[in-house]
Amino acid sequence: MDVLLQQLFNGLTIGSVYSLVALGLTLVYGILHIPNFAHGALYMVGAYITYTIMTSLGLHYLLSILTSIIAVGMISVLMERLVFHPLKDSTPIQHKVAAIGMLLFLESFAQLIWGADYQQMETPFGQVIDFFGLTVTMQRLIIVITAVVAMILLYLFLKKTFTGATIIAMAQNREGAHLVGINTNKVAMLTFFISGVLAALGASLTSPINLVFPSMGHLVILKAFVIIIIGGMGSIPGAILGGYIIGFSESIGATYISSDYSDIISFALLVIILTIKPQGIFSKGGV
Amino acid sequence: MLDLKNVSVKYGNFTAIKDINIRVDKGEIVVLLGANGAGKSTTFRTISGLKTPFKGNVLLEDDLIDNKPPDKIVKQGIVQCAEDRKLFPEMSVQENMMMGAYIHRKKKNKIKQTLKEVYKLFPVLYEKRKNPAGSLSGGQQQMLAIGRALMSKPKLMLLDEPSIGLAPLIVEQMFESIKQINKEGTTILLAEQNAHAALSIADKGYVYENGNIVVEGSSKELFANEEVRKAYIGA
Amino acid sequence: GEETGGDGEAVVNIGYTGPLSGAAAYYGENTLNGLKMAVEEINEEGFEVNGTTYTISLETLDDQYLPNEAAANARRLVQEYNTPIIYTPHSGGVNALQVFNEQENFIIGAYTSEPAITETGNTLTVRIPPSYAGYVEPFTKYMMDRFGNKLAALPPVTQYGKDWAEGLIPHWEEQGGEVVHNASIDFSKDTDFFTILTNALEKDPDVLLIGGASEPTAKVAQQARELGYEGGFMIMDQAKLDEMKKVMGETYEPLEGSIGTMPLINADYPGTDEFVEKYREKYGEDPGSEAGFHYVSMYIFVEAMKEAGNVEDAKVIYENIQAGLDSLPEDKKVYNIPNIDENGGFEIDTRIAAIEDGEIVPKEVE
Amino acid sequence: MFLETKRLTKQFGGLFAVKDVDFSIEEGKINAIIGPNGAGKSTFFNLVSGLYRPTSGQVLFKGKDISNLKANKVAKLGVARTFQTTHLFEQATVFDNVIVGHRLRTKANLFDSIFHTKRLKREEEQCKEKALEVLQFVGLEHAVDHLVANISQEEKKRVAFALALATDPEIVFLDEPTAGINPDETAELSELIEKMAENGLTICLIEHKMQMIMNLAEQIMVLNYGEKIAQGTPEEINRNEEVIKAYLGGSTSA
Amino acid sequence: MAAFFNKRNIVVGFILLAVIFPFITRNDYFLHVMTLAFIWMIAVYGLNLLAGYTGYLSLAHAGFFAIGAYAFGLLTVKAGFGFWPAFLLAPIITTAMGFLIGLIALRTKEHFFAIYTLCVGYIIYLVIDKWEGLTGGVRGLIGIPAPSSIGPLTLSTPIAQYYFVFVILLLVIFVIYRIIHSLTGRTFIAIRNSEELALSLGISTTKNKLISFVLSTFFAGIAGVLYACFIRFIGPDIGNLNITFDLLTYMIVGGIGTMSGPIVGTLLIVWLSQNLQFLQDYRMLIFGPLLTLMVIFSPRGISGLFALWSAKRTRKLKPKTSNVEEQA
Ligand SMILES: Nc1ncnc2c1ncn2[C@@H]1O[C@H](COP(=O)(O)OP(=O)(O)OP(=O)(O)O)[C@@H](O)[C@H]1O
Ligand SMILES: Nc1ncnc2c1ncn2[C@@H]1O[C@H](COP(=O)(O)OP(=O)(O)OP(=O)(O)O)[C@@H](O)[C@H]1O
Ligand SMILES: CC(C)C[C@H](N)C(=O)O
Ligand SMILES: [Mg+2]
Ligand SMILES: [Mg+2]
């Protein structure tokens with residue numbers, strides 16, 4: 001029973017990170033219909049920037065995260081301007097290939113700048129809390145709480161503010177958004193910004209429990225894709241729910257099925273879902 | 001107030017409108033007539049900044065606007081209610097309306113006031129304010145599209161075939177509403193297939209054919225014009 | 001590998017294929033650093049074979065730790081640069097090279113502790129570090145004496161990791177131990193080790209077998225401690241205690257009760273101190289054993305070439321390695337390697353160390 | 001009846017795009033469907049041509065139930081269609097675009113393609129002949145080698161016709177064949193449609209151009225909010241109160 | 001000038017160059033690289049048939065490549081098959097897998113298809129990696145036989161292997177050329193152009209998409225087999241996403257949906273990487289942006305640019321009918 005509880009908590013931690021990453025991905029997909037394969041690279045860059053600021057400027061962990069999410073947000077915006085904006089009238093294949101190009105570039109770039117070795121990110125929140133046999137480290141608690149807070153904030157932003165509503169409006173009808181006076185370029189940039197912020201936040205939060213290295217984004221991004229398909233591409237609640245579904249199924253799967261195959265579980269889940277419903281589970285009918 | 005001077009617009013190699021001149025004065029209702037594909041919507045898209053003219057100029061109160069992005073043009077007081085409505089289908093009616101007031105987003109109180117006014121004009125919308133826009137009937141959606149446009153308190157409103165898909169009764173109401181809106185100070189440029197109804201409320205009109213304006217004149221003149229009667233009004 | 005340079009000097013090309021990008025790049029760089037340092041020193045004077053003075057040109061290629069890439073690289077090195085010796089620091093690469101090294105006539109400078117590579121009968125393979133078979137016994141003994149006999153094995157998912165665990169487990173069981181859990185960890189895929197550790201610790205083990213690159217191995221140990229684990233760590237030889245210490249925040253405390261290889265900086269072979277000093281000066285950090293082994297092996301090969309009177313024929317050089325070992329100058333003995341066995345493995349007296357009361361304590365190996 | 005629908009219904013979520021429509025098309029005649037935007041006309045076409053599966057109801061072609069056949073099977077039976085927005089291959093020639101139209105009447109498979117069998121050669125020849133024939137029929141012989149991107153709107157419509165004709169159909173569904181075409185050219189396309197009917201084809205078209213419809217069609221069905229509100233000859237439709245109210249316009253009599 | 005670069009001359013020139021290459025090259029290593037490039041080309045042709053001509057971007061291509069290689073490896077190393085039986089059987093096994101996966105995968109479209117195949121590819125990789133009992137896991141498969149001789153023809157020397165792979169490449173190109181320039185190819189292109197239209201023209205899109213997908217896996221499989229018997233050592237990483245991305249790069253840079261694209265792209269990138277060895281770890285610093293720029297500025301790759309250039313040239317002489325392979 002204890003194991004189950006501990007594994008549920010483990011699933012919650014990792015699910016929170018997945019959700020954050022998937023949220024950014026789904027946001028960009030919902031608005032611009034771009035499956036941004038480079039999102040995982042933003043995740044990795046986010047971790048490196050936090051790390052660099054902590055080690056070279058000696059800033060506090062939290063301040064470093066703040067700087068990093070802004071920086072990655074900017075990089076993400078830059079990517080929109082330089083790559084996806086010029087491609088806005090192109091075919092889906094072109095979007096995907098362009099995104100893959102960016103992914104390859106960013107990864108190589110990270111290795112050039114930071115080297116290929118593992119970096120260790122210190123956290124001031126190393127304390128271990130033990131509640132009745134359940135081990136919770138402060139860092140993990142922070143991951144879960146920050147993720148939930150970030151999601152709530154994002155929800156409120158999208159639902160309760162005008163600027164947030166413009167993002168939703170544009171996702172639903174681009175020209176309609178134009179016609180009410182929304183600067184769609186700005187919204188596209190804002191969306192990419194938020195997406196970058198979420199990726200960097202997810203990465204900066206997890207890095208202290210693992211390490212920072214150039215290929216750290218690979219699997220996370222693959223899983224984020226699985227999540228947004230399960231959750232319905234473009235759906236915000238779907239991404240959150242999907243993140244936790246994958247997080248839990250991995251930790252529980254590793255316990256009761258096989259830890260060697262825990263990665264396969266999420267992919268198999270996706271294949272099964274798409275086999276039954278080629279449009280994903282939360283998608284509405286039609287094309 | 002609005003001037004189109006020798007405007008031509010292309011889609012790829014295809015010239016949709018050629019050398020068009022249109023003038024709309026403050027407080028007027030001006031109607032554009034013409035068959036499907038004659039170029040009315042293209043004219044609207046050009047005014048709204050969704051298309052850039054290939055030749056010619058668009059002026060709003062002597063201010064060149066043909067190279068401005070759509071959002072700037074909305075800010076200057078021109079709002080379009082497009083042919084296919086372009087609503088946000090999964091947002092509620094009220095959210096759609098609020099988005100219409102996007103350019104006034106800082107003035108919360110004023111928005112509330114406008115919202116009340118629009119609901120008064122279209123009470124159905126008030127009843128349905130919590131429903132997603134996509135669930136409304138065609139006619140209701142059309143009202144919502146107009147309502148959303150009104151939310152921005154435009155100086156000039158472009159209405160592209162507002163009577164499309166509406167039952168005759170509603171069409172009558174709609175034209176009433178347009179008259180009403182105009183009386184309250186909004187200048188209106190209207191494209192219509194329903195030429196009779198449109199000319200009845202309009203001050204003047206332009207007739208399109210294949211991207212050219214072939215006839216123009218006051219409503220009276222157009223009503224009197226034999227060709228126009230035959231082609232667009234019938235009998 | 002004989003070429004005549006512009007100023008009448010002859011050059012021997014030595015090849016290297018290893019991970020210079022990807023997850024293992026840091027490890028690859030460390031191995032290469034040792035080679036580079038040796039080459040630089042040697043080239044200062046050159047070395048004389050049959051009256052000609054040679055310098056070494058090190059040709060390096062990246063294989064991202066992938067066996068097939070290593071094979072492709074090795075072909076290139078032989079065919080384009082005529083290298084009589086090719087280094088590769090991973091067992092997968094060694095296996096891939098063994099497919100054709102005899103045919104193409106080059107020596108594999110195999111930096112791997114995998115004993116299997118010297119058991120295939122390949123006649124041109126030199127295994128540089130000690131085989132991990134040598135650790136199995138002392139590690140087992142120490143752990144059983146100090147902690148108990150329930151083992152959870154969490155090796156990394158590399159060939160090396162799996163073989164290591166498979167080499168250990170039978171011995172552990174023979175000694176009356178029990179393996180309560182066995183699963184591998186994939187450092188490149190797992191974001192968080194809690195899940196895997198929770199399952200391992202559920203079985204209440206006394207000892208955890210962990211290993212792989214030092215940094216993630218340290219993370220595994222750290223997280224095991226967070227989860228309340230109080231037993232010992234048996235650390236496979238690729239991970240270095242001193243490198244793990246850095247990740248732990250410069251303390252050995254969480255590693256209390258670990259056993260692993262002796263960090264090079266704490267070793268006391270005749271040439272160690274000088275090497276460590278030079279290395280620190282050049283690279284600004286402590287050398288790991290991979291740098292040390294590569295450094296010394298380069299000298300050994302050079303000595304072997306001198307003894308053989310040949311810089312081209314791999315077979316002849318190989319036959320003279322023992323002679324090379326014998327004539328290796330004392331001050332280059334970063335490790336003490338008296339012999340090469342008949343399968344091509346260097347015989348080194350294994351040095352191991354344990355962490356006791358937060359300190360590195362050398363342990364005797366019978 | 002040649003082609004018949006029985007209580008044909010298509011629902012999208014809660015929306016009835018087509019609802020309980022009974023319609024029958026007589027062989028060799030020109031039939032028309034009119035109705036306001038969003039009335040369900042294109043959806044009706046999609047149902048009949050097999051692109052959509054009906055929510056309920058049936059489509060019968062020459063007495064055979066085709067409601068659940070896939071579009072390609074329906075096409076093989078002799079039902080062809082054009083689309084409201086033409087999707088032609090802009091960077092290829094008119095000829096290359098049309099050739100594939102006859103593919104459904106050929107049997108050549110992968111094996112034939114790779115080994116260049118007699119059958120492939122014969123059928124390729126057959127496709128080419130067909131393409132030339134239909135291009136000639138629609139009056140595009142001069143444009144055979146032009147890139148689609150370089151021809152006029154009206155010519156594109158003709159290419160779309162040619163594609164449909166290349167399938168050797170018995171009935172052709174035309175979705176707004178003259179949308180965006182000026183009156184002169186519209187008249188020419190009308191003639192082409194008449195010529196098709198004269199050649200024994202059955203035609204069913206959607207149009208908003210009333211004048212053209214009134215001259216061309218022998219039978220008209222009117223859809224409104226997915227439902228059939230009237231059916232009859234042009235004269236009957238013109239007089240129908242409900243149609244006037246819903247579509248033709250209350251205050252004007254066309 | 002343009003007249004000189006007509007299609008036939010280019011093809012003949014390419015073949016001649018390839019034939020004499022072993023005699024002009026400095027060393028065996030270049031032969032090795034060239035042979036490998038030919039193998040990649042075969043896989044890229046498969047990818048191009050599906051993505052370029054049928055409009056479906058599969059990101060599982062390396063997975064099928066790996067299936068081919070492993071099928072061959074396992075048949076020869078573990079099941080004791082001879083070289084030739086395994087050589088024939090392995091692509092068939094790959095194709096069978098491709099058929100099964102295609103049946104399901106092709107129910108999805110566009111982004112869904114790409115992501116679905118991305119996951120399928122990853123699953124293939126994971127299965128190879130984890131199913132140690134069968135595949136040897138990370139240890140890989142060692143001891144795969146080199147091509148055995150055909151009668152008096154021995155295939156053990158690098159030159160012989162080079163010609164062997166080259167002949168197969170020519171066959172593949174020939175087959176692809178035949179497919180593209182026949183009714184089958186026109187059918188694929190019609191599907192890429194508009195699936196709806198194709199359907200209403202009576203084309204069974206399901207069947208044709210499946211044919212295209214299966215063919216593409218077949219070519220991936222052949223490439224995998226050749227790789228296995230040429231390198232003679234395989235590990236799970238040949239099924240990794242990186243390989244798919246490499247193949248994709250070759251295709252995009254060369255020109256997606258063109259007949260010459262796979263050759264041009266592969267040759268260019270492979271040789272460029274050889275000469276950029278000094279920054280080998282940072283290759284992607286150049287190739288990543290190259291890929292992106294290519295997509296933005298020349299969606300049809302280098303071949304597309306060339307076609308545009310020669311079209312401009314010839315237009316001056318006479319109006320020219322377009323070729324299928326130069327289409328959008
Ligand atoms: N996006 C586009 N691309 C190419 N051509 C277009 C495009 N939009 C419109 N056209 C063409 O431009 C011409 C004018 O179209 P427009 O929509 O302005 O006509 P309209 O008068 O508004 O017709 P309707 O009464 O049908 O609304 C038509 O021939 C149409 O086919
Ligand atoms: N795939 C779909 N999913 C959801 N709703 C759809 C779909 N296709 C059509 N509809 C809806 O069904 C209704 C009928 O559409 P349809 O295209 O058949 O109209 P139409 O009569 O052809 O109109 P038009 O004259 O403008 O072409 C519309 O309300 C439309 O929004
Ligand atoms: C400890 C090292 C010598 C082991 C090496 N990493 C290998 O793969 O074999
Ligand atoms: Mg219009
Ligand atoms: Mg329609």
Side-chain angles (χ1 to χ4, degrees), chain A residues 26-27 29-33 80-81 85-86 88-91 154-191 231-239 279-280 282-287, chain B residues 12 41 44-45 47-51 68-92 94-108 111 132-135 141 144-154 157-160:
Chain A
T26 212
L27 214 51
Y29 184 83
I31 295 189
L32 304 150
H33 299 278
E80 196 275 335
R81 283 291 91 184
H85 185 71
K88 62 184 188 305
D89 299 321
S90 313
T91 60
L154 181 67
Y155 178 84
L156 292 179
F157 171 70
L158 290 177
K159 280 285 170 189
K160 301 287 171 199
T161 70
F162 247 110
T163 321
T166 56
I167 294 184
I168 300 187
M170 190 164 140
Q172 295 187 12
N173 193 328
R174 236 191 144 137
E175 287 215 321
H178 261 139
L179 290 180
V180 297
I182 293 171
N183 181 338
T184 46
N185 278 335
K186 256 195 210 155
V187 177
M189 288 193 276
L190 178 68
T191 310
M233 282 185 131
S235 156
I236 306 277
Q279 310 288 339
F282 288 106
S283 69
K284 309 189 178 64
V287 194
Chain B
S41 300
F44 280 7
R45 294 173 63 79
I47 300 172
S48 284
L50 294 171
K51 278 294 301 163
K68 292 196 173 166
D71 54 295
K72 288 273 154 49
I73 290 175
V74 175
K75 271 188 203 130
Q76 296 204 354
I78 300 184
V79 70
Q80 180 182 173
C81 182
E83 203 169 8
D84 46 3
R85 297 164 194 153
K86 300 200 167 37
L87 298 174
F88 308 121
E90 282 153 42
M91 292 172 117
S92 70
Q94 178 133 340
E95 283 169 334
N96 267 276
M97 300 273 268
M98 297 302 282
M99 286 316 291
Y102 177 75
I103 54 165
H104 301 301
R105 59 191 174 281
K106 304 261 158 59
K107 300 164 228 157
K108 293 261 156 57
I111 294 179
S135 72
Q141 288 193 14
L144 177 54
I146 297 176
R148 188 181 74 182
L150 285 173
M151 288 300 293
S152 74
K153 290 261 164 197
M157 181 140 132
L158 313 176
L159 288 167
D160 197 354

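Note on naming: letters A, B, ... go to the chains in the order of the sequence lines (proteins, then strands), and numbering restarts at 1 for each one.
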**Prompt:** With only heavy atoms counted, which part of B:P89 is less than 4.5 Å from chain A, the side chain, the backbone, both or neither?
**Reply:** both

**Item:** Straight-line distance of A:K159 NZ to B:E95 CD, nearest 0.5 Å
**Value:** 5.5 Å

**Message:** Quick one, B:Y102 and A:T166 - any side-chain contact, counting heavy atoms below 4.5 Å?
**Reply:** yes

**Item:** B:S48, part contacting chain A, at a heavy-atom distance under 4.5 Å
**Value:** side chain

Without placing hydrogens or testing angles, list every side-chain donor-acceptor pair under 3.5 Å for residues 172-182 of chain A, not counting sequence neighbours.
from	atom 1	to	atom 2	distance (Å)
A:Q172	OE1	B:E90	N	2.8
A:Q172	OE1	B:M91	N	3.3
A:N173	OD1	A:E175	N	3.3
A:N173	OD1	A:G176	N	3.0
A:N173	ND2	B:L87	O	3.3
A:E175	OE1	B:R45	NH1	3.4
A:E175	OE1	B:K86	NZ	3.0
A:E175	OE2	B:R45	NH2	3.1
A:H178	NE2	A:T184	OG1	3.0

**Request:** Select one option (side chain, backbone, both, neither) describing which atoms of B:M98 are under 4.5 Å from chain A's heavy atoms.
**Result:** both

**Prompt:** Does the side chain of B:K106 come within less than 4.5 Å of A:F162's, by heavy atoms?
**Reply:** no

**Request:** Could you look at B:R148 and say if it's the side chain, the backbone, both or neither that has a heavy atom under 4.5 Å from chain A?
**Result:** side chain

